[in-house]
Number of protein chains: 2
Amino acid sequence: MTDEPEGLRALKKQRTRQAIADTAIGLFLRNGFDRVSVAEIAAAAEVSKPTLFRYFPTKEELVLHRMADHLGEAARVVRERPAPLTPLAALERHQLERLAAHDPVTGLCEEPEVLAFMRLVYDTPSLSSHLLDYIGHDIDALAAALAEALPGAGALAPRLVAVQFIGVRQELARLNWQRLDGGTPVEQAHRLAVAETVEAVALLRGGAGGRGF
Amino acid sequence: MTDEPEGLRALKKQRTRQAIADTAIGLFLRNGFDRVSVAEIAAAAEVSKPTLFRYFPTKEELVLHRMADHLGEAARVVRERPAPLTPLAALERHQLERLAAHDPVTGLCEEPEVLAFMRLVYDTPSLSSHLLDYIGHDIDALAAALAEALPGAGALAPRLVAVQFIGVRQELARLNWQRLDGGTPVEQAHRLAVAETVEAVALLRGGAGGRGF
DNA sequence: GAAGAAATGCAACTGAGTAACAAAAGTATC
DNA sequence: GATACTTTTGTTACTCAGTTGCATTTCTTC
């Protein structure tokens, strides 16, 4: 999976990177993103400011890199789907599985640290703004995978479907988090999330026309 | 429409604002967004730096405020649609009208300054990133209008349809611009844009299921 | 025309991000 | 195990976006 170039040097790099990110997120959660300076973070992590920026290109990346792992997940799901499944069916199944596992990417995770982390991202404009950039790459990847899966569909439809699916997925994740953060019990939130996911995919599959739109 | 609080003071304010924005965009088009500092802009516009920031909250706004006029247009179209039209039908008709008028918002405008302006926005990461924030507000407004138009639809479906429509509209606009910027003649680009708009709305209305997704 | 309000300029500041260069630490070679 | 080489780090100083406080000018109002 991930290259482990081994050696003492690489090990220390990983540790430093982890230490910086942990320190930063800890401070952000305690005091708010805008009220912590990178200089403070660097000092708390016992590292100089230039070093900090050698590990993370921007202040926002200190937070958002944790979400980068799941980038391109939708595209992978489409590519690796078993033969009988349509792309949308595979995406739906995968999404339901992630919901059942209470995976943070779905927004449905009751862990207090995760909830606080998501609140940090959603409540900080510069973070949620940057998050949209990530999502853009996700759309690109999914569009490519869809075009590959349906060679006869042209270039436009896959792109549009990718925009729609990723947009909807993101919207549902935000909704899931909002409910949990608002105090809704997990089991209830999970039932709602499942129902909404099924409804959303049905909407994507069957269109909005039949519903009066 | 727009308040005109009259008076010599208000007039000068409008003029100053216009002068600052024009100066800034001129410099950006000439040298690139990242290679012009706000200090330069302020100097060229014969204004101090704090004054510049009293008119525009960020460097990006100097460019993007020109797109703010059309914010909430989709929501308005839905609210003011004539009785027999469904929301999607009204949005489609309006979009086709804007295309016929070669309205810059559609991306289909051959004016060299407009083309260059859009290139500036699309090719500058911090600008296209900020543009997404605008679009977010557009989605919110359309979601509200759709929920109003279909009281029985619940809260979820209107939101999802809004996400889908605005996302798709944006994608098509980018495509239109790319073609014109790449040298495609306007008439041809217009025909393609019309066809794609119709196809996109058909996709939204009828769903992706029937197309193998 | 004078009093009050609003807009501007000036100077100095904070905070993100970068560049140059020197010091230190890890790796490889004999 | 010392030596030469490469990578990582710290220090200092810088650029640039955006802000603040205060004095000054400019418009409005009476």
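Quick note on labels: first sequence line is chain A, next is B, and so on, each numbered from 1. Just the heavy atoms: all of them, side chains too, but no hydrogens, waters or symmetry mates, feed the values below. Predicted model only: the values in this text are computed from it and were never measured.
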side-chain hydrogen bond (donor to acceptor under 3.5 Å, both in side chains) contacts touching residues 189-198 of chain A (sequence neighbours left out): A:R179-A:E196

Under 4.0 Å protein heavy-atom contacts per nucleotide of nucleotides 17-24 of chain D, with B for base, S for backbone only and - for none: BBBB----

Check the distance between [N]'s [atom2] and [X]'s [atom1] and give it to me in whole angstrom.
X: B:L52; N: D:dC16; atom1: CG; atom2: C1'; result: 13 Å
X: A:I41; N: C:dG15; atom1: CD1; atom2: C1'; result: 11 Å
X: A:R35; N: C:dT14; atom1: CZ; atom2: P; result: 18 Å
X: B:K13; N: C:dT8; atom1: NZ; atom2: C1'; result: 12 Å
X: B:R15; N: C:dT8; atom1: CZ; atom2: C1'; result: 18 Å

Near-strand residues of residues 20-32 of chain A, defined as heavy-atom separation under 4.0 angstrom from DNA chain C: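 Hits under 4.0 Å, by residue number: none.
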
Sequence-distant partners of A:L132, side-chain contact (heavy atoms from CB on, under 4.5 Å), two or more places apart: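 With neighbours one apart ignored, the set is A:I135, B:L132, B:D133.
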
Below 3.5 Å, can you tabulate the donor-acceptor pairs from side chains in residues 103-116 of chain B to any protein atom, sequence neighbours excluded?
unit_1 : atom_1 : unit_2 : atom_2 : d
B:D103 : OD1    : B:V105 : N      : 2.9
B:D103 : OD2    : B:R98  : NH1    : 2.6
B:T106 : OG1    : B:D103 : O      : 2.6
B:T106 : OG1    : B:L108 : N      : 3.1
B:E110 : OE1    : B:H102 : ND1    : 3.3

Taking salt bridge (charged side-chain N to carboxylate O under 4.0 Å, His left out) as the definition, give me every residue that meets it alongside [X], ordered by chain and number, with sequence neighbours left out.
X: A:E46; answer: none
X: A:R119; answer: A:D181
X: B:E187; answer: none

N/O (side chain, B:Y55) to phosphate O (OP1/OP2, C:dT8) under 4.0 Å: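 So the side-chain polar atoms of B:Y55 do come within 4.0 Å of the phosphate oxygens OP1 or OP2 of C:dT8, strictly under.
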
Contact under 4.0 Å: B:S48 side-chain N or O vs C:dC10 OP1/OP2: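 For C:dC10, neither OP1 nor OP2 has a side-chain N or O of B:S48 closer than 4.0 Å.
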
Selection from D:dT26, C:dT8, C:dA25 that lies nearest to any side-chain heavy atom of B:T16: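 Of the candidates, C:dT8 comes closest.
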
Minimum-distance nucleotide to B:K12 side chain [options: D:dT8, D:dG10, D:dC27]: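 Selected nucleotide (nearest to the side chain): D:dC27.
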
List, one per line, each side-chain donor-acceptor pair under 3.5 Å for residues 62-74 of chain B, sequence neighbours excluded.
unit_1 : atom_1 : unit_2 : atom_2 : d
B:H65  : ND1    : B:E61  : O      : 3.1
B:H65  : ND1    : B:L62  : O      : 3.2
B:R66  : NH2    : B:D22  : OD1    : 2.9
B:H70  : ND1    : B:E73  : OE1    : 3.0
B:E73  : OE2    : B:H94  : NE2    : 3.3

Interatomic distance, B:S128 atom OG to B:E60 atom CD [nearest 0.5 angstrom]: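 Going from OG on B:S128 over to CD on B:E60, the span is 10.5 Å.
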
Structure string for DNA chain C in dot-bracket form, Watson-Crick and G-U at under 3.5 Å, | interchain: ||||||||||||||||||||||||||||||

N/O donor to acceptor pairs below 3.5 angstrom from side-chain atoms of residues 24-37 of chain B, sequence neighbours left out:
unit_1 : atom_1 : unit_2 : atom_2 : d
B:S37  : OG     : B:E40  : N      : 3.2

Set of side-chain hydrogen bond (donor to acceptor under 3.5 Å, both in side chains) partners for A:R159, sequence neighbours left out: A:D140, B:E171

Heavy-atom side-chain contact between B:L175 and A:L156 under 4.5 Å: yes

